[in-house]
2 protein chains.
Amino acid sequence: MAKPPASNQNGFPPARHDHARCVARALEQAEGICAKRSAQFTGLRRQVLGIIWNSHSPIGAYEILAALSSRERRPAPPTVYRALEFLQAHGLVHRIESKNAYIGCAHLETAQHAGQFLMCRACGQTAEACDKDLSRAIQKLAEKSGFSLEEQTVELSGLCPACKSKNRHAA
Amino acid sequence: MAKPPASNQNGFPPARHDHARCVARALEQAEGICAKRSAQFTGLRRQVLGIIWNSHSPIGAYEILAALSSRERRPAPPTVYRALEFLQAHGLVHRIESKNAYIGCAHLETAQHAGQFLMCRACGQTAEACDKDLSRAIQKLAEKSGFSLEEQTVELSGLCPACKSKNRHAA
DNA sequence: CACCGTAATGTTATACTATAACATTAGATC
DNA sequence: GATCTAATGTTATAGTATAACATTACGGTG
Ligand SMILES: [Zn+2]
Ligand SMILES: [Zn+2]
Ligand SMILES: [Zn+2]
Ligand SMILES: [Zn+2]
């Protein structure tokens, strides 16, 4: 029985936490999910997912590409985009539209879902929420509008708790 | 006292409506808003806003650029992006992050606001909602997370009422 | 194991989106 | 009209993403 990933109740990871466990856990769960669907969790895909999980901030495709330079043959853009496509298709990462960037899914135990993201403009840390009331409000709006909802993008930007209090002290 | 813009209760414009009025109204209101702030609603800016309002679907910057080719001198990208920057800054248009595209604000009477968009994947028509419950749910989530909310992106994709019923008949 | 078919990755070129930096023109102010 | 600033023009380039085709790795079959 794995412990839940390090995080405060607010969804943001504590400033100092055992991040290696976050990564290990994500890779482990990913492996399990892919196995269940007999999807190939190849070395490349694992490596890309690991790079994305290297931080709790969204990372751009070309940053991922740069991080892959350790490989003997430095891959080209399509390689990264294909890996991202796979990871997104299996719900292992989410795309942050407002940043053209990608982040690891923090709710792998929840079947295919659209993320709700709280993104700190100061430190970049991004928390993935899964707020029932918010989901319900969106559903209601769609219904009220006679709209058949298929995909959703909810990205909130501002200051995370840590940066907020830092700022207050600075001021 | 101007009549409200053509729209069903669901926020989507009726299939056939006097769209010239939509455009005229938007330009008129924009003019008033700019005047109040002594911001220059120049010919270029007016033309760009007109192009954007040409439809109820988001339009890309380079499409706008192409539509500007009527000008004696075909402008370059920065020209369009600067006009867009101005229009966004004054709340006259919104950027749709998930499409890299821009759409006219449908709630000019509401002071600076973040839009909530319902986008039809079939016809492209996009409705701007202003749902109180949804806004409240987002506020609550932010508070609960100790997050200082500054900007938000809410983009919902699916089928609009018209396309939904078309689909049903087709199937 | 040799064979086959498919999925994954490599490779090259290019499309699409956006901005930096500097030159020129148009408008407001005095 | 001189002066200052805001707006637009112009050129070049950065950043993001995909098309198209070649090659390699993999899973199953006989
Ligand atoms: Zn961590
Ligand atoms: Zn997720
Ligand atoms: Zn209209
Ligand atoms: Zn609006």
Side-chain angles (χ1 to χ4, degrees), chain A residues 30-31 34-52 57-90 92-103 124 153 155, chain B residues 30-31 34-52 57-90 92-103 124 153 155:
Chain A
E31 184 140 11
C34 290
K36 231 177 261 171
R37 309 184 190 172
S38 43
Q40 297 181 233
F41 194 49
T42 65
L44 177 67
R45 288 164 178 175
R46 164 184 288 272
Q47 197 179 352
V48 168
L49 185 56
I51 290 165
I52 291 172
S57 306
I59 182 177
Y62 280 72
E63 287 178 84
I64 296 171
L65 190 59
L68 281 174
S69 61
S70 63
R71 301 211 135 205
E72 25 190 289
R73 294 193 194 170
R74 193 171 191 271
T79 300
V80 168
Y81 282 102
R82 282 187 291 227
L84 286 171
E85 192 180 16
F86 173 89
L87 295 172
Q88 284 182 266
H90 290 280
L92 303 175
V93 310
H94 295 285
R95 176 179 161 86
I96 305 293
E97 298 291 349
S98 58
K99 294 190 174 179
N100 296 331
Y102 306 82
I103 193 167
T153 299
E155 298 171 8
Chain B
E31 185 140 9
C34 289
K36 231 178 260 173
R37 309 184 191 173
S38 44
Q40 297 179 231
F41 195 49
T42 66
L44 176 68
R45 288 164 178 174
R46 165 184 289 271
Q47 196 178 352
V48 169
L49 186 57
I51 290 165
I52 292 172
S57 304
I59 180 175
Y62 280 73
E63 287 178 83
I64 296 171
L65 190 59
L68 282 174
S69 61
S70 61
R71 302 211 134 204
E72 24 191 289
R73 295 193 194 168
R74 193 171 191 270
T79 299
V80 168
Y81 282 103
R82 282 187 292 227
L84 286 170
E85 192 180 15
F86 173 90
L87 296 172
Q88 284 182 267
H90 291 280
L92 304 175
V93 311
H94 295 286
R95 175 177 161 84
I96 304 293
E97 297 292 349
S98 58
K99 292 190 175 178
N100 297 331
Y102 306 83
I103 192 166
T153 299
E155 298 172 7

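Within every chain, numbering begins at 1; the chains are lettered A, B, ... in the order of the sequence lines, protein sequences first and strands thereafter.
Rounded to whole Å, the distance from CG on B/N100 to P on D/dT18 is 10 Å. In this structure, the CD atom of B/E63 is 12 Å from the C1' atom of C/dT17, given to the nearest Å. Put simply, CD on B/E85 is 12 Å from C1' on D/dA7, counting in whole angstrom units. Following rounding to the nearest Å, B/E97 (CD) and D/dT16 (P) show an atom-to-atom distance of 13 Å. Spacing between atom OH of A/Y81 and atom P of D/dA17 amounts to 4 Å, rounded to whole angstrom units. Atom CD1 in A/I64 sits about 11 Å away from atom P in D/dT16, given to the nearest Å.
Sorted pairs that involve residues 79-90 of chain B and meet salt bridge (charged side-chain N to carboxylate O under 4.0 Å, His left out), not counting sequence neighbours, are lacking altogether.
Residue A/Y102 has a polar side-chain atom (N or O) positioned under 4.0 Å from OP1 or OP2 of D/dA17. In this model, the phosphate group of D/dA7 is not approached by any side-chain N or O of B/R46 to a distance below 4.0 Å at OP1 or OP2.
Expressed to the nearest 0.5 Å, how far CD1 of A/I64 lies from OG of A/S69 amounts to 13.0 Å.
Residues forming a side-chain contact (heavy atoms from CB on, under 4.5 Å) with A/T42 (at least two apart in sequence, or on another chain): A/Q40, A/L44, A/R45. Partners of A/Q88 under the side-chain contact (heavy atoms from CB on, under 4.5 Å) rule, at least two apart in sequence or in another chain, are A/L84, A/V93, A/R95, A/Y102. For B/R46, the salt bridge (Lys or Arg N to Asp or Glu O under 4.0 Å) criterion is met by B/E31, not counting sequence neighbours. With sequence neighbours excluded, the residues that form a side-chain contact (heavy atoms from CB on, under 4.5 Å) with B/S98 are A/E97, A/T153, B/I96, B/M119, B/E155.
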Quick one, give me the B/S/- string for nucleotides 6-16 of chain C, reading 5' to 3', where B means a protein heavy atom under 4.0 Å from the base and S means that only happens at the primed atoms, P, OP1 or OP2. -SSBBBB----
